[in-house]
Protein chains: 2
Amino acid sequence: MKRERLEEVAEILDKRGKMTLEQLEEAFPDVSQMTLRRDLSQLEEDGRVIRIRGGAMSVKEVQKVSGEAYTKKTTVNMDAKIVIAQKAATLIDEGTSIFIDGGTTAMYLSKEMPDIKCNIFTNGIAVAMELAQKKNVDITVVGGQLMKDNLSTSSPAAKEYFNNTNFEIAIVSALAFTPEHGFSCNSQTESDLLKQVFRKARHVYMMLDSSKIGKINPYTFAQLEDIDVLITDDVFPREYKALFEQNDIVVM
Amino acid sequence: MKRERLEEVAEILDKRGKMTLEQLEEAFPDVSQMTLRRDLSQLEEDGRVIRIRGGAMSVKEVQKVSGEAYTKKTTVNMDAKIVIAQKAATLIDEGTSIFIDGGTTAMYLSKEMPDIKCNIFTNGIAVAMELAQKKNVDITVVGGQLMKDNLSTSSPAAKEYFNNTNFEIAIVSALAFTPEHGFSCNSQTESDLLKQVFRKARHVYMMLDSSKIGKINPYTFAQLEDIDVLITDDVFPREYKALFEQNDIVVM
DNA sequence: GCTCCTTTGTTATTATTTAACATTAATTTA
DNA sequence: TAAATTAATGTTAAATAATAACAAAGGAGC
């Protein structure tokens, strides 16, 4: 109930750019002003909205106003990534030990995830910061050199460390996929780390939005047979879907 | 006169990200609040600033906020910490290898720091995210369990890792200090980590705002003789200053 | 010097936000 | 399932901030 409303408020603000509290009250006649205020506070904490006197403004709008092209990866295929992340979030059970990577999809996943008792290992510091808001989640961050483009860390030492760690699930995404080259990324040490994670994980879930298909990145970290479940969006090509299913991969 | 001030207001806002009117008044003691308000109105029309209740925010900051998970923890003694951080930032030279801790003062330090070639090791993920914006800085994040209150990580494995790492400078802060109990924090593993860092650092700089004095936290990680330079604010008690200087510590 | 115009300061008014508490709904636990 | 706990919402009063309106001060041009 609250969750949905929050989402709606964010959406209408993204659409209209800027609204006064009065306008928001008109749009949501069933809740009090105070509740809307509280919603805005929360959206502000999530970085989706800026509160201004008398109302609020969507961050998207601010970016437009400032005239700067916002070239971050966070916007590429963002809607698909959110849907994928929401789906993945439903697969997380209480008490499990999970590895999550540091990609943008993982970032959305950590936002959507329920606040349940579980152990999460991640190499994404943005993911870690997001998860830090959930009080039941225990977080362990992989150490190592930070890559500035995707805010993820990796190191040979971390790979060693994971020798004696086990995961129920590893939820990762790739920067690129082709049937011949498998799933690939752009960092050697990250690739090594992920290979090690897969060795220790009981199930591997791959989040792959369709924009990644047909692309190749330098370091392959997984082939079709390494993964168990594929979570993707609805424009995922049919022939690829068949290919995955032939390899006993559940496609969602 | 007006033009210059407008420019200055815009600059300081770009730098500090967000300021209350009160802070602006401190920064511009010669003009009235109303004038500053009018300045903000104008900057808002120019699209350089977003006015929020109680102050304003630079558009640049808004863009950052939208990318990051924004954990707002408006700090106690924030002004003192900023001054301390600014001072500490001047002590960083090109090409050095530096350890920075994960405290809030360190967070401000990473904002104020120049974008020069250097290697920074940190156990603070908020610090790491901030530094990620500087393209010349090479960042290594300490791995381990994340403490949600201060967004810092630590682990015995990280301590091992630092056995073969050297630092020119370690810049840290403490949660508490008394002459008898030394510098203390609230985490055993973090304390262990810092002790190890001090062993490998040529110089240790301690950032300590005066609100920390006379307090005690459970884990002592350093005594007076372990540190070389103390960076503090101007309400630091005189008798403590003498005490530090007796121990060959430079007080700034 | 004066006059017009811009900038700044002061105060009173208005509007918005926060805080505090009461109430209801939802979740957990026994 | 009911009781207990926690989270969400609503209501009101109090605090806070923003605006408006006007007065005063500073400058530029004559």
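Numbered from 1 within each chain, the chains take letters A, B, ... in sequence-line order.
Checking dT17(C), dG9(C), dT9(D) against the side-chain heavy atoms of V31(B) singles out dG9(C) as nearest. For T35(A), counting side-chain heavy atoms from C-beta on, the closest listed nucleotide (dT9(D), dT17(C), dT8(C)) is dT9(D).
For F183(B) and F177(B), the gap between ring centers is short of 6.0 Å.
Atoms CZ (R37(A)) and C1' (dA20(C)) sit 16 Å apart, rounded to a whole Å. Summarising the geometry, the separation between CD on Q33(B) and C1' on dT19(D) is reported as 12 Å, rounded to the nearest angstrom. In this structure, L36(A) places its CG atom 13 Å from C1' of dA8(D), rounding to the nearest Å. Regarding L21(A), its CG atom lies at a distance of 16 Å from the C1' atom of dA18(D), rounded to whole Å. Taking atom CD of E25(A) as the reference point, atom P of dA15(C) lies 15 Å away to the nearest angstrom. Per the geometry, CZ belonging to F28(A) stands 17 Å off C1' belonging to dG10(D), to the nearest Å. One interatomic measurement links the two molecules: CD of E22(B) to P of dT16(D), which rounds to 10 Å at whole-angstrom precision. Rounded to an integer number of Å, the gap from CG of D39(B) to C1' of dT6(C) is 14 Å.
Between L230(B) and L208(B), some side-chain heavy-atom pair lies under the 4.5 Å cut-off. Looking at R5(B) and T35(B), their side chains come closer than 4.5 Å, going by heavy atoms from C-beta outward.
Phosphate proximity of dA17(D) to R51(B): absent, as no side-chain N or O sits under 4.0 Å from OP1 or OP2.
More than 12 heavy atoms of other residues, nucleotides or ligands sit less than 6.0 Å from atom CZ of R199(A). Residue K87(B) places its NZ atom among 12 or fewer non-hydrogen atoms of other residues, nucleotides or ligands, all under 6.0 Å distant.
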Q.
Test side-chain hydrogen bond (donor to acceptor under 3.5 Å, both in side chains) on S184(B) and H181(B); report intermediate values, then the result.
A. CA-CA 7 Å; S184(B) 52; H181(B) 304 87; over 6 Å; no
Q.
What verdict does the side-chain hydrogen bond (donor to acceptor under 3.5 Å, both in side chains) test give for N123(A) and T153(A), after you've listed the backbone C-alpha separation in whole Å, the side-chain angles of each residue and the deciding distance to 0.1 Å?
A. CA-CA 5 Å; N123(A) 67 328; T153(A) 58; 5.4 Å; no
Heteroatom pairs (N/O) under 3.5 angstrom, protein to nucleotides 20-24 of chain D:
none

